[in-house]
Number of protein chains: 2
Amino acid sequence: MTSEREFIDYLAQRFPLRPPVEVGIGDDGAVLHHKSSGRQTVVTDMLLDQVHFDLRTTSPELAGRKAIAVNLSDLAAMGCHPTSAYVSLAVPADILRQTPDFLKRLYDGMQPLTEQFQFTLAGGDTNSWHGPFAINVCLTGEPMGSQPILRSTAQPGDGIFVTGALGGSLASQRHLTFTPQLKEAEWLLRHIPIHSMMDISDGLAIDLHRLTEASRVSAVIDASRIPIHTDVSSQMAADQRLAAALSDGEDFVLLFTAPAKRVQSLHQQQALPFEIYHIGQVESGKDCFLRSYAGSVSRLAASGWQHPL
Amino acid sequence: MTSEREFIDYLAQRFPLRPPVEVGIGDDGAVLHHKSSGRQTVVTDMLLDQVHFDLRTTSPELAGRKAIAVNLSDLAAMGCHPTSAYVSLAVPADILRQTPDFLKRLYDGMQPLTEQFQFTLAGGDTNSWHGPFAINVCLTGEPMGSQPILRSTAQPGDGIFVTGALGGSLASQRHLTFTPQLKEAEWLLRHIPIHSMMDISDGLAIDLHRLTEASRVSAVIDASRIPIHTDVSSQMAADQRLAAALSDGEDFVLLFTAPAKRVQSLHQQQALPFEIYHIGQVESGKDCFLRSYAGSVSRLAASGWQHPL
């Protein structure tokens, strides 16, 4: 492909328009047509070479895939389906010279997710420069249920749940291949009165702090109930394994709160289509606490990835 | 500010929620509540240090301002008001260390535009890394009129118009301080049946090619009618001055097509609130042409900034 026009035509063919998108790539902006009043969600995440992946070992396909997947995980956490995606790129001039199919491979990595979850690549901005590779994705979404699910609406008495095992994601490269839990979010919303939800991106410990701060509540979680991923080495000491599950981050599973009894009765009624781990309890007050394997309760350190200031 | 939480609180106070935004910064995503059915526009632009500004000479305030302003210009070109903004940052760790108020100053540069055009900073993502500074902005907007204005709907017979003088924007630093033409777009939509519109970001010559390709039409513009900005040196030869107006880019004025007679009769009826220059004519066929000062017509080269592939 030798011209911008040809590349835009290629993308338009590879990423067909789906409602509510009416106008996609190629104009100053995209046009979405909402057929009724209602709520919409917008999420955005920027991924950087040597921070969120490493192009020396990560393929363009997996870098593109991850950039879309982490944003889909945010939408899942809001209880929303994706509707449209906007991809901005800063590409090193060297890469464009040395890997002429870099952009095509990047978008090839995104394409299966747009098919699987039925949304439109509707716009973006492509730049070259002498810095490292950076990609920003912005996604719009619409509620699966009547409205988006927030992290700020946890209630004292709620059980605290996670939808997958934690830890070891970066070391195992799982962070490049995980499936964003949109299907899980949809099932949860149909079966459980979810009070609050977010995804675990920076680590359970820090993300639980964020949820309780936003909701102005307290939380106690049980070390013995926290599911540790098989990606966390069994050679490690128990407290190191626990620390990995609490702080490694990039798990991209759902952390939610809901009446514990409703989840228990679901467990009794039917085989669940995926694991739901009951790891603790929301209480009134503030701060987060951890009940150790030995049974003592102490403050949970907000360990994990902190955004810079 | 020492914590992410404090910075988010600071931003939430500095950038109040405005409808349709119901939930802004601090959750996995923003929530917009549309009270009726209708169309919405999404635009995005990424700006890079040493490409779109130069932090050795550009203040953080002006870098932040420009990142918002170029996206507002895209919305103006779509005939849309802004509703919400999403700001993603890749900030060099060195800058955060050496200029502790860098982030605050960046947002200080954005804030007056959010007040002037009444929209909400509703989300984003802040990262540090060892690359240069990069900022991505995504904006949502709603049509000023009944629907967004596209670049793909120019009609043979339309006059071609620009809403400001062209050239010299980078050299004069006008690209850092221009006012996005939202008010102009609104006035135009109230007074003229606009057939197609876009903003001039990469240069009149290449942007006119984009408009005619999208609309599957041809265009002829007159060298003698093209308004050359006073920022273009009067010392330059006439053809160099014309080339600057055609190709410098970063003008961020509106390029639109509409029935020429409607604009002429407006000129006769009232003093216009801003300059509207009639520079040429849309015709059937393809490609763009330039009538020289001497009157000869030749193909218009698509000069200007080309996005890399």
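What you see below is based on every heavy atom in this structure, not just the backbone, and it leaves out hydrogens, waters and symmetry mates. Below, chains carry the letters A, B, ... as their sequence lines are ordered, and counting in each starts from 1. Owing to the predicted nature of the structure, the values given are computational and were not obtained by experimental measurement.
- A salt bridge links D108(A) with R14(A): the distance from a Lys NZ or Arg NE/NH1/NH2 to an Asp or Glu carboxylate oxygen falls below 4.0 Å.
- Proximity to chain A (any heavy atom under 4.5 Å) is shown, for Q50(B), by neither the backbone nor the side chain.
- Residue V42(B) touches chain A through both its backbone and its side chain, counting heavy-atom pairs closer than 4.5 Å.
- Contact of F133(A) with chain B is made through the backbone alone, with heavy-atom distances under 4.5 Å.
- Chain B forms the most heavy-atom pairs under 4.5 Å with one residue out of A122(A), A90(A), G123(A), and that residue is A90(A).
- Scanning both residues, T114(B) and R18(B), for their nearest heavy atoms gives O-NH1, 3.5 Å.
- For chain A, the option among V43(B), V23(B), V31(B), V87(B) with the highest count of heavy-atom pairs below 4.5 Å is V31(B).
- By the 4.0 Å N-to-carboxylate-O rule, R210(A) lies close enough to D207(A) to be salt-bridged with it.
- For a residue to count as touching a neighbouring chain, one of its non-hydrogen atoms must lie under 4.5 Å from one of that chain's; by this rule Q147(B) does not touch chain A.
- Enclosure of atom CZ in R216(A) is not indicated, since only 12 or fewer non-hydrogen atoms of other residues, nucleotides or ligands lie within 6.0 angstrom.
- Salt-bridge annotation for K104(B) and D101(B): absent, with no side-chain N of the basic residue lying under 4.0 Å from a carboxylate O of the acidic one.
- The most heavy-atom pairs under 4.5 Å with chain A, out of P132(B), A134(B), G131(B), come from P132(B).
- Looking only at heavy-atom pairs under 4.5 Å with chain B, the residue among A214(A), S84(A), G26(A), S152(A) that has the most is G26(A).
- Using the six-membered ring where Trp is involved, Y107(A) and F15(A) have ring planes that are perpendicular, over 60° apart on the 30 and 60° scheme.
- Of the listed residues C80(B), G141(B), G38(B), P143(B), the one with more heavy-atom pairs under 4.5 angstrom with chain A than any other is G38(B).
- Heavy-atom distances place no part of L211(B) under 4.5 Å from chain A, backbone and side chain included.
- Across I8(B), V21(B), L89(B), L47(B), the residue that shares the most heavy-atom pairs under 4.5 angstrom with chain A is L89(B).
- With respect to Y86(B), the side-chain contact (heavy atoms from CB on, under 4.5 Å) criterion is satisfied by exactly one of L121(B), L139(B), T140(B): T140(B).
- E184(B) and T163(B) are not linked by any side-chain donor-acceptor pair at a separation below 3.5 angstrom, with hydrogens and angles left out of the test.
- If you measure heavy-atom distances from P148(B) to chain A, the contacts under 4.5 Å come from the side chain alone.
- The side-chain hydrogen bond (donor to acceptor under 3.5 Å, both in side chains) pairs that include a residue from residues 67-81 of chain A are S73(A)-D199(A), where partners are two or more places apart or lie in different chains.
- Taking chain A as the reference chain and counting heavy-atom pairs below 4.5 Å, the highest number among K35(B), R151(B), H34(B), H33(B) is found for R151(B).
- Only the backbone of S36(A) comes within less than 4.5 Å of a heavy atom of chain B; no side-chain atom from C-beta onward does.
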